[in-house]
Amino acid sequence: MMIDPIALFLLLLSASTPILFAALGELVVERAGVLNLGVEGMMIVGALSGFATAYYSGNAFLGFAVAALAGALVALPFTILTQFLMSNQVASGLALTLFGLGLAALFGKPVEGVRAPTMTAGPLGLNWIVWLGLAMVPAIWWFLNRSRAGLILRGVGENHDAAHALGYDVRRVRLAAIAFGGAMAGIGGAFISVATVLQWTEGMTAGAGWIALAIVVFSNWTAPGVLAGAWLFGGVTVLQLRLQAAGVRVPVQLLSMAPYLATIIVLVAISARQKFSRRAGGTAPGSLGQDFHALR
Amino acid sequence: MNRRQLIASVAAMTTISLALPAWAQDEPLKVGFIYVGPVSDGGWTYQHDQGRLAVEEEFGDRVETTYLESVPEGVDAERALTQLALAGNDVIYATSFGYMDAVINVAAKFPDIKFEHNTGYKRTENVGTYDGRFYEGRAVTGTIAGRMTQSNKIGYIATFPIPEVIQGINSAYIHAKKVNPDVEMRVVWAYTWFDPAKEADAANALMAEGVDVILQHTNSTAPLAQLQQQGKIGFGQAADMASFAPTPRVSSVYNNWAAHYVKSVGRVLDGTWQPEAVWGGIGDGIVAIGEITEAVPAEVKAEAETLRDNIGAGEYHPFTGPLNKADGSAWLAEGQVATDEELSGMNFFVEGINAELPQ
């Protein structure tokens, strides 16, 4: 049985887009030293607001813009809780997920059972948002590694006390990073409702936010690593469905297991490399998940 | 409290408690439902909720219904069922296969409450089961699929390798093959009932293989959205999914649980309820075929409707021999009809399906 590798790759590009957006956003958030476990909640809010906007306005692109805004806004309570009230980031992030899922379920009632407008495809028959996601990878890489703002953001994430001593406003940097992460998660969620499913359904992100969180760790906190992780996850899923469709007689359970097996193998490889090279760079930011208090 | 007051109050309480049953007669019958998904899923849970609304419509003030949605299968289900039982529900409907053990456990603790479990097979003195013969509907959509395919490749998005799903695949294939001997069926196991993104990927994987008609057992509209983008066709599943008509949704197989719920609640109300094993099909109104749209040629539509009516009238059974199993061994002889026991334990593909059946 032959499977066209180009067609498979195009399928993979679409399939990995939601988790790519969400994981890129979370990468920036974590590089600023904040652990936001609310990705799933921000995605579902983006999925609903993007869908509702696209439906009422008839313009899918406007839907994505509103989804980005809504994703950023729903992350605002998380910012207030963790950056100003010093709440636990893990608990606040989980609360954000639950809050987002509930909020979207509540406000989603009026748009149940209606259809999103069809989008015109971009180059190679792929959605424009797929291309935007791919463009974000080098953009975020450049921002983090080559721009002054990115250097400050990483400094805040590595050692917030030092950054504060140098006169940088830690809270403001983190606030911007969390808002950006929310916007990216919102676009990722909207891709599912506006471009893939074309309908709104409660719980439609089905755990994509959690995979995005895993991919950030998997990527070793780098943008190209996030792309590789999103492709690996999306790719193995698409490949196993594709092999089944082609009638290749491989045990289905083995195929379904494949993404998780691949993750375990890569995580083992990463930790082994770190252990032996004792490399400090490119690993978890030093201040990840810690509260910052300027008066300390 | 002296003795006289005590006697008086005990007497009063006895009188009240004796009077209670009579008073309870005027209380509405409380009917509880637990759903595995959100009512808004547009599929499985939506259809159950339509059934609940039909019960309210039919019996008005005589019933009071409540539901819990998105209850995961497993330990949470037991808690949710207990909650419904403690809330005073007289009859409780559990609407997903995975609730089976939870229903049996909770029902044992509340012998006075009537339980019905959807798609299960365990029954006790106060637990009945109800299910649909979905394979009857899939014979009709299989016929349409066999007639409509240009590439002679039809696809099936399957969920889990359980008898109900295997019956559907076999039934669709048998009837597609009957009207189009060249037809081939590709099967993709999604291992989920509801994951829109994955369902979309499965549909795309099938279309990349040249499939132009897709039948699905998963519950979201995502495959239809993908079919539409590529100008291919498919069928609504679990609910009518009419917002995708006239194409890509050319017809649908859905569950009309209202037919069962109205009958069942009626029996509870008049005191004739028994823990039964209901397995209803097109003839009972539990399995319904959605409108066949104008995208389907008139003669194909007529053929499909004739098949539907024959099945509904009990004149034709979708599993009628001669049929062989995929491994080449004989199954049903000419004119022989599969028994319900064989169907409810079905764990093999029929001859001609070139796909692996996970064991």
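As the structure is a prediction and not an experimental result, all values here were calculated from the model. To find a chain, count down the sequence lines: A is the first, B the second, and so on, and within it residues start at 1.
Environment of CG in L106(A): crowded, with over 12 heavy atoms of neighbouring residues, nucleotides or ligands closer than 6.0 Å. By the neighbour-count criterion of 12 heavy atoms within 6.0 Å, atom CD of E57(B) is sparsely surrounded, having that number or fewer from other residues, nucleotides or ligands. For F99(A), the CZ atom is loosely surrounded, since the number of other residues' heavy atoms within 6.0 Å does not exceed 12. The number of heavy-atom neighbours closer than 6.0 Å to CZ of F349(B), taken from other residues, nucleotides and ligands shown, is above 12.
Residue contact with chain B, scored on non-hydrogen atoms closer than 4.5 Å, is absent for A7(A). Within the 4.5 angstrom heavy-atom criterion, only backbone atoms of V187(B) (N, CA, C, O) approach chain A. For E69(B), the part lying under 4.5 angstrom from a heavy atom of chain A is the side chain only. Proximity to chain A (any heavy atom under 4.5 Å) is restricted, for S70(B), to the side chain, taken from C-beta onward. In this structure, chain A has heavy atoms under 4.5 Å from both the backbone and the side chain of F244(B).
A pairwise comparison of heavy atoms in T196(A) and Q226(B) identifies O-NE2, 2.9 Å as the closest pair. Counting all heavy atoms, side chain and backbone alike, R115(A) lies closest to S243(B) at NH1-O, 3.4 Å. Shown here for A245(A) and A205(B), the closest heavy-atom pair between the two residues is CB-O, 3.6 Å. Here the shortest heavy-atom pairing between F194(B) and E202(A) reads CE2-O, 3.9 Å.
For A197(B), the side chain to side chain contact (heavy atoms under 4.5 Å, CB included) criterion is met by D195(B), not counting sequence neighbours.
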Criterion side-chain contact (heavy atoms from CB on, under 4.5 Å) on V197(A) and T221(B), from CA distance to verdict: CA-CA 7 Å; V197(A) 183; T221(B) 52; 3.9 Å; yes

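Between N204(B) atom CG and L8(A) atom CG the span is 11.5 Å, to the nearest 0.5 Å. Rounded to the nearest 0.5 Å, atoms CG (L241(A)) and CD1 (I157(B)) are 9.0 Å apart. Distance OH/Y46(B) to CD/E112(A): 9.5 Å, rounded to 0.5 Å.
The backbone N or O of W189(B) sits less than 3.5 Å from a side-chain atom of Q244(A), completing a donor-acceptor pair. A donor-acceptor pair under 3.5 Å is absent between the side-chain atoms of E209(B) and the main chain of R242(A), judged by distance alone.
Comparing A239(B), A200(B), P223(B), P196(B) by heavy-atom pairs within less than 4.5 Å of chain A, the highest count is held by P196(B). Across I192(A), V114(A), L198(A), the residue that shares the most heavy-atom pairs under 4.5 angstrom with chain B is L198(A).
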